[in-house]
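Report on the structure given below.
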Amino acid sequence: MKTKTPARASLLSRLPRLALAGACCVFALAAQAACPPSAIASLGKPGAAVGQWNAADRGLLWRAERDGRTSWLYGTIHLGRAEWVRPGPTVQKALEQSDALALELDVRDPVAMQPLTQQADPAVVARLLSGERAQRLARQNEAACVPPGQATGLQPILQVMALTGLVARADGLYPEFGADEALAVSARNNNKPVFALESAAAQLKMLTGDSEAEEAEQIDAALSELESGQLRAQMKELADIWARGDADKLGRYPEWCNCLNTPAEQRLMKRLLDDRNPGLADGIERMHAGGKRVFAAVGALHMVGAQGLPALLAARGFKVEAVPLVAQPPAAVPTAPAPKASARGAQGARSNRGAKASGAKASGTRSSGNAKSAQRPPAPKSKQRR
């Protein structure tokens, strides 16, 4: 079976809920002139460069203590803005106080990622992506500026899943700037080991469901969300909820997500969250019991409700406590003035400016079981845009 080798690995989300529930795949994107810029090209806008923003705490963080050691639970989102890349001081300190970073998947491990990048059974692809469904997919590929044939051969659900990770680019939200990826880079830069709590094969099984009919239903639902034009607004809303650490609204996600309307959607959410959380908790507990202080970073929807990770670890004897985080509007880090250029050098400098960019079942707390609750103060609204 051939393996598809992408030009660049990205964390891409299938539907709005997957941005916080955590499903990953690999996809290569070549931006075209009439499309939103790629993540790298978007950094060409003055003030948008990664590292030129004061780091601010965002997301949801818990402290989990047992056996004289402290581990951490951090609810992430799998896409973000350039100014969100640097972890805030509280999150960074918790990462530094840990012995290992645990993620759902380590997307930088090409061998582990093969189930999500290899060619699917051609017969399955032909059965699931034919006729009107294939035409709908082709239209969405064209709208997203994905070159023809770019994802051909991948499992059908992954082809659609990759597309839905691209709709928020116009709002400056990119999978490459997701919290998981940023934490992995920070950990590796500090020689901290990175571990995967799940396998790519298990995630693929979760997405495809129990039959081709179920996968087809999920594909149709995803295409409908893309075609409706509402997906972009939903992705932006979820990103804003995560950035300001709104645990209350995230905990009430089923009430407003418009994602539990059919039996198939309800089964998918069960596979995404309730069915996976015990295994994630097992992995974190196993590493902690083995003597490691773990910084576990997984999608924020895994953190809420009676089956969320804080509640599951509390039931296993951990003392779990929410750590308040208050996001602040990004502020540009002052830089030293550039040396004066000669008249000839100044003319060349004016022409180099880069591309134009436009771009989670709890109540009012983040704790459950014997976890202590902590009310997060409302964060000031930021009008900063890249």
Side-chain angles (χ1 to χ4, degrees), residues 13-14 17-24 59-67 69-78 98 100-106 112 115-116 180 194-210 214 247 250-251 253-254 257 259-260 263-322 360-363 365-373:
S13 307
R14 173 188 172 271
R17 51 188 171 273
L18 289 188
L20 294 169
C24 310
L60 308 168
L61 182 67
W62 287 261
R63 180 186 297 107
E65 300 177 353
R66 200 183 72 176
D67 306 326
R69 288 184 299 281
T70 299
S71 287
W72 306 86
L73 300 173
Y74 183 53
T76 68
I77 187 169
H78 302 317
S98 303
L101 172 65
L103 304 172
E104 296 164 34
L105 292 179
D106 182 0
L116 294 177
D180 314 70
V194 179
F195 295 90
L197 295 170
E198 295 184 308
S199 70
Q203 285 207 356
L204 181 59
K205 175 62 178 174
M206 174 267 297
L207 289 170
T208 57
D210 297 325
E214 191 157 27
L250 191 63
Y253 184 71
C257 71
C259 63
L260 298 170
E265 289 180 336
Q266 294 164 14
R267 290 193 297 271
L268 175 61
M269 284 298 287
K270 182 177 182 296
R271 294 197 305 270
L272 277 171
L273 299 174
D274 293 353
D275 291 353
R276 293 169 63 200
N277 285 354
L280 294 170
D282 287 344
I284 297 167
E285 182 182 24
R286 184 164 51 249
M287 292 177 67
H288 186 96
K292 288 185 173 63
R293 299 170 299 170
V294 186
F295 188 99
V298 301
L301 280 176
H302 292 285
M303 301 296 178
V304 299
Q307 297 301 314
L309 292 178
L312 293 182
L313 290 187
R316 299 179 186 207
F318 284 81
K319 178 184 177 182
V320 182
E321 184 176 38
K361 293 176 185 174
S363 53
T365 68
R366 281 183 285 144
S367 53
S368 45
N370 61 358
K372 297 180 179 178
S373 65

Contact between [X] and [Y] at the side-chain level, heavy atoms closer than 4.5 Å - yes or no?
| X | Y | result |
| --- | --- | --- |
| Trp62 | Glu321 | no |
| Leu73 | Leu60 | no |
| Met287 | Arg293 | no |
| Arg276 | Gln203 | yes |
| Gln307 | Leu273 | no |
| Leu103 | Leu197 | no |
| Arg63 | Val320 | no |
| Leu312 | Asn277 | yes |

How many angstroms lie between [atom1] in [X] and [atom2] in [Y], if you round to the nearest 0.5 Å?
| X | Y | atom1 | atom2 | value |
| --- | --- | --- | --- | --- |
| Asp180 | Ile77 | CG | CD1 | 9.5 Å |
| Leu280 | Glu104 | CG | CD | 6.5 Å |
| Trp72 | Leu61 | CH2 | CG | 6.0 Å |
| Leu309 | Met303 | CG | CE | 5.0 Å |
| Asp106 | Glu198 | CG | CD | 13.0 Å |
| Arg286 | Phe195 | CZ | CZ | 11.5 Å |

Write down the atom of [X], the atom of [Y], and the distance for their closest heavy-atom approach.
| X | Y | result |
| --- | --- | --- |
| Met206 | Leu268 | O-CD1, 4.2 Å |
| Leu313 | Ala64 | CD1-CB, 4.4 Å |
| Lys292 | Ala100 | CD-CB, 4.1 Å |
| Ala200 | Ala112 | CB-O, 3.3 Å |
| Ala311 | Gly305 | CB-O, 3.8 Å |
| Pro115 | Leu204 | O-CD2, 3.5 Å |

Parallel, tilted or perpendicular: ring planes of Tyr74 versus Phe295, cut at 30 and 60 degrees: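 The rings of Tyr74 and Phe295 sit tilted, inter-plane angle from 30° to 60°.
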Stepwise side chain to side chain donor-acceptor pair (under 3.5 Å) check, His288 with Asp67: CA-CA 9 Å; His288 186 96; Asp67 306 326; 4.5 Å; no
Chi angles and distances behind the salt bridge (Lys or Arg N to Asp or Glu O under 4.0 Å) call for Glu214, Arg271: CA-CA 13 Å; Glu214 191 157 27; Arg271 294 197 305 270; 3.2 Å; yes
Side chain to side chain contact (heavy atoms under 4.5 Å, CB included) evaluation trace for Asp210 with Lys205: CA-CA 8 Å; Asp210 297 325; Lys205 175 62 178 174; 4.1 Å; yes
Salt bridge (Lys or Arg N to Asp or Glu O under 4.0 Å) between Asp282 and Arg316, worked out: CA-CA 10 Å; Asp282 287 344; Arg316 299 179 186 207; 2.7 Å; yes
